[in-house]
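Given the structure is predicted, the values throughout are model-derived calculations rather than measurements. Chain A is the first sequence line, chain B the second, and so forth, proteins listed ahead of strands; every chain is numbered from 1.
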Amino acid sequence: MDFFKEMEDRIPKGKVRTRFAPSPTGYMHVGNLRTALYTWLIARRNGGTFILRIEDTDQGRLVEGAVDVIYKTMAECGLDHDEGPDVGGPVGPYVQSQRRELFGKYARLLVEKGGAYYCFCQKDEEEAEHDEEIGKQVKKHVCACRDLPLSEALARAEAGEPCVIRQRIPHEGTTTFHDASFGDITVENKELEDQVLLKSDGLPTYNFANVVDDHLMGITHVVRGSEYLSSAPKYNLLYQSFGWEVPTYVHCSPVMRDAQHKMSKRHGDPSYEDLIREGYLTEAVLNYVALLGWSPKGEMADREFFTLQELAEVFDISGISKSPAIFDIAKLRWMNAEYMKKLSPEAFYAKAEPVLRTCIHDPSIDLRKVAALVQSRCEILSDLPARVDFIDRLPEYDPALYVHKKSKTTLENSLDSLQAALPVLQKLDNWTNEGLYEVLVALAGEKGVKNSVILWPLRVAVSGKESTPGGATELCALLGKQESLARIEAGIALLSGK
RNA sequence: GGCCCGUUGGUCAAAAGGUUAAGACACCGCCCUUUCACGGCGGUAAUAUGGGUUCGAUUCCCGUACGGGUCACCA
């Protein structure tokens with residue numbers, strides 16, 4: 001049978017099939033990640049198939065190694081695909097540049113069906129116009145090629161005359177596009193342009209490749225950014241001309257940096273990779289991103305924590321929001337902190353150890369103990385160095401740290417406390433958190449002062465910091481007797497003006 | 001500028017004609033405490049705006065404002 005029939009026969013039927021179709025730019029936007037996630041969730045929720053397709057039809061924008069970034073990110077996030085360039089599948093190839101001939105054939109098929117026509121106009125003037133600020137009324141491309149007799153057009157094209165194939169859009173009437181979250185969108189056909197389907201280099205434009213591939217790959221649900229919403233009605237016409245069924249479209253509003261700007265790499269907004277590099281956990285990022293533009297329904301509406309599996313059980317298209325969402329790094333930090341706290345001590349140590357090793361060089365320090373102290377006090381991994389930097393070396397600090405209003409600790413009684421504590425500690429053999437605490441509380445009792453009058457100055461002396469990953473006794477235990485005593489002596493010297 | 005879309009506290013958002021308009025982050029306060037943090041408790045704060053429809057509008061309709069998207073042989 002003919003080529004087109006064969007292609008039709010390859011299309012799997014009757015199951016939900018979704019696809020993530022990034023163009024390889026070298027990194028994963030937060031918005032892209034969200035799209036990938038929603039797409040994957042729809043497939044998994046419905047026992048469907050998730051496909052990875054690479055859209056590399058723009059020859060000018062190829063980035064070395066970009067596809068690997070995509071594989072790596074998807075794998076890291078647990079968004080496994082069932083079909084794709086690396087794993088194959090029944091409707092491949094899954095890289096658009098490898099489907100070149102196919103698009104040509106479908107474009108010509110469409111010409112025959114009357115839904116498209118050859119256009120021999122040169123592109124220069126149009127392009128030049130686009131460079132100019134788009135502000136005034138933009139004129140649609142209108143030319144005589146549309147009315148060329150098919151035989152003549154075919155002959156010229158065959159003779160090698162440069163040309164593109166454009167979609168033939170009716171001048172009259174309206175087209176209604178249905179989106180699962182935006183509902184029906186109706187536009188006048190006269191607003192629509194005869195867009196280019198097949199470029200003069202023989203490769204398809206995004207809009208054409210999308211429609212053809214989604215159909216040929218049996219895609220049932222398309223999730224994509226709302227920037228494509230306004231070109232969507234043209235898709236209906238395309239599907240109609242081909243006689244194909246329109247899949248369910250779900251457009252998602254952008255992830256914003258602030259009320260008026262999308263997140264953008266160019267303006268320094270973090271990509272997924274950046275966030276991971278900064279010490280966010282993949283699970284936390286996914287969880288946060290899932291909730292940026294989607295929320296669970298009903299009695300689950302106030303739930304915030306979801307594993308990927310849990311999301312796959314409850315995710316529903318109807319929960320997707322229509323309005324743009326601002327990416328709030330403060331909330332991500334909070335969520336990340338929650339994930340860090342939930343980690344087992346071993347799991348946390350595994351993540352923290354490499355970071356701790358770069359900033360704590362004293363071999364006598366037990367990094368496991370440091371990790372245990374710091375686990376509940378850092379929101380992201382990269383907070384770690386600043387929290388533990390005092391361990392290697394006592395920083396210079398302002399004596400004003402010794403003043404504490406709440407416990408009425410002053411410079412004077414801080415000096416007194418340190419001087420009183422020093423001999424007690426020198427005699428102490430049981431140099432553990434418990435041992436230290438016992439002896440120091442006893443000292444406070446003897447002197448008839450609150451525990452904090454003793455412990456506060458001690459903590460300052462030993463850390464030189466305003467805030468630390470533990471109390472005075474914990475820090476002393478960690479640093480060891482010799483180092484602790486040396487720091488206390490230094491504190492006494494500082495306070496006594498020496 | 002044309003066309004399309006959106007608008008609940010600072011942020012994410014629930015509530016699909018009748019609610020004291022949830023919850024979370026952030027912020028503030030209190031408590032606990034070996035400072036801060038952690039934890040516990042509490043608080044401030046919202047339906048952009050004007051008209052309709054309705055016994056009743058956050059919810060439905062229209063206008064206005066503001067914001068976003070789009071108007072390429074880029075995706």
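With contacts defined as side-chain heavy-atom distances shorter than 4.5 Å, the pair A:P204/A:Q96 does not qualify.
When each of B:U34, B:G39, B:A24 is scored by its nearest atom to the side-chain atoms of A:Y437, the top-ranked nucleotide is B:U34. The A:K199 side chain lies nearest to B:A75 when the options are B:A75, B:U34, B:A26. Taking every side-chain heavy atom of A:T468 into account, B:U35 is the closest of B:G68, B:U35, B:G39. Among the nucleotides B:G69, B:C36, B:C4, the one closest to any side-chain atom of A:V187 is B:C4. For A:Q260, counting side-chain heavy atoms from C-beta on, the closest listed nucleotide (B:G67, B:C73, B:A75) is B:G67. Here the nucleotide nearest the side chain of A:S230, chosen from B:A37, B:G68, B:G69, is B:G69.
Regarding A:L373, its CG atom lies at a distance of 17 Å from the P atom of B:C36, rounded to whole Å. The CG-C1' distance, from A:L455 to B:C36, rounds to 14 Å in whole Å. Distance, A:K262 NZ to B:U70 P: 6 Å, rounded to whole Å. If you measure from atom CH2 of A:W334 to atom C1' of B:G39, you get 15 Å, rounded to the nearest angstrom. Between the CE atom of A:M263 and the C1' atom of B:G69 there is a distance of 18 Å, given to the nearest Å. The CD-C1' distance, from A:E191 to B:G69, rounds to 15 Å in whole Å. For the pair A:R333 CZ and B:C25 P, the computed distance is 15 Å after rounding to whole Å. Remark: C1' of B:C4 and OH of A:Y228 are 17 Å apart, rounded to the nearest angstrom.
A distance of about 11 Å separates the C1' atoms of B:G9 and B:A21, rounded to the whole Å. Spacing between B:U49 and B:G6 at atom C1', rounded to whole Å, works out to 16 Å. Here, B:G51 and B:G29 have their P atoms 41 Å apart, quoted to the whole Å.
Nucleotide B:C36: unpaired (no Watson-Crick or G-U wobble partner with both distances less than 3.5 Å). B:G6 and B:C66 make up a base pair, with Watson-Crick or G-U wobble contacts both under 3.5 Å. Across all strands shown, B:U19 forms no Watson-Crick or G-U wobble pair with both distances under 3.5 Å.
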Given protein heavy atoms under 4.0 Å, the one-letter contact record of nucleotides 6-14 of chain B, with B base, S sugar-phosphate only and - none, is simply SS---SSSS
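Salt-bridge annotation for A:R19 and A:D213: absent, with no side-chain N of the basic residue lying under 4.0 Å from a carboxylate O of the acidic one. A salt bridge is defined here as a Lys NZ or Arg NE, NH1 or NH2 lying under 4.0 Å from an Asp or Glu carboxylate O, and A:D269 with A:K262 fails to meet this definition.
Residue contacts for A:E55: at a heavy-atom cut-off of 4.0 Å it reaches the sugar-phosphate backbone alone, with no base atom in range. As judged by a 4.0 angstrom heavy-atom cut-off over every strand, A:D383 is placed among residues making no nucleic acid contact. Using a 4.0 Å heavy-atom distance criterion, A:V164 is classed as a base contact.
Take the nearest nucleotide of RNA chain B for A:A330 and for A:P204: the residue whose nucleotide is more 5' is A:A330.
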Run the side-chain hydrogen bond (donor to acceptor under 3.5 Å, both in side chains) check on A:Y280 and A:Y272 step by step: do they pass? CA-CA 9 Å; A:Y280 291 88; A:Y272 167 78; over 6 Å; no
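Checked options A:V250, A:N210, A:L229; the residue passing with A:R224 is A:N210 (criterion: side-chain contact (heavy atoms from CB on, under 4.5 Å)). For the side chain to side chain donor-acceptor pair (under 3.5 Å) with A:D194, the qualifying choice from A:R166, A:H141, A:R146 is A:R146, the only one to do so. A:I391 pairs with exactly one of A:L394, A:V388, A:D389 by the side-chain contact (heavy atoms from CB on, under 4.5 Å) rule, that one being A:V388.
Close placement of the A:F177 and A:H251 rings is indicated, their centers lying within 6.0 Å of each other.
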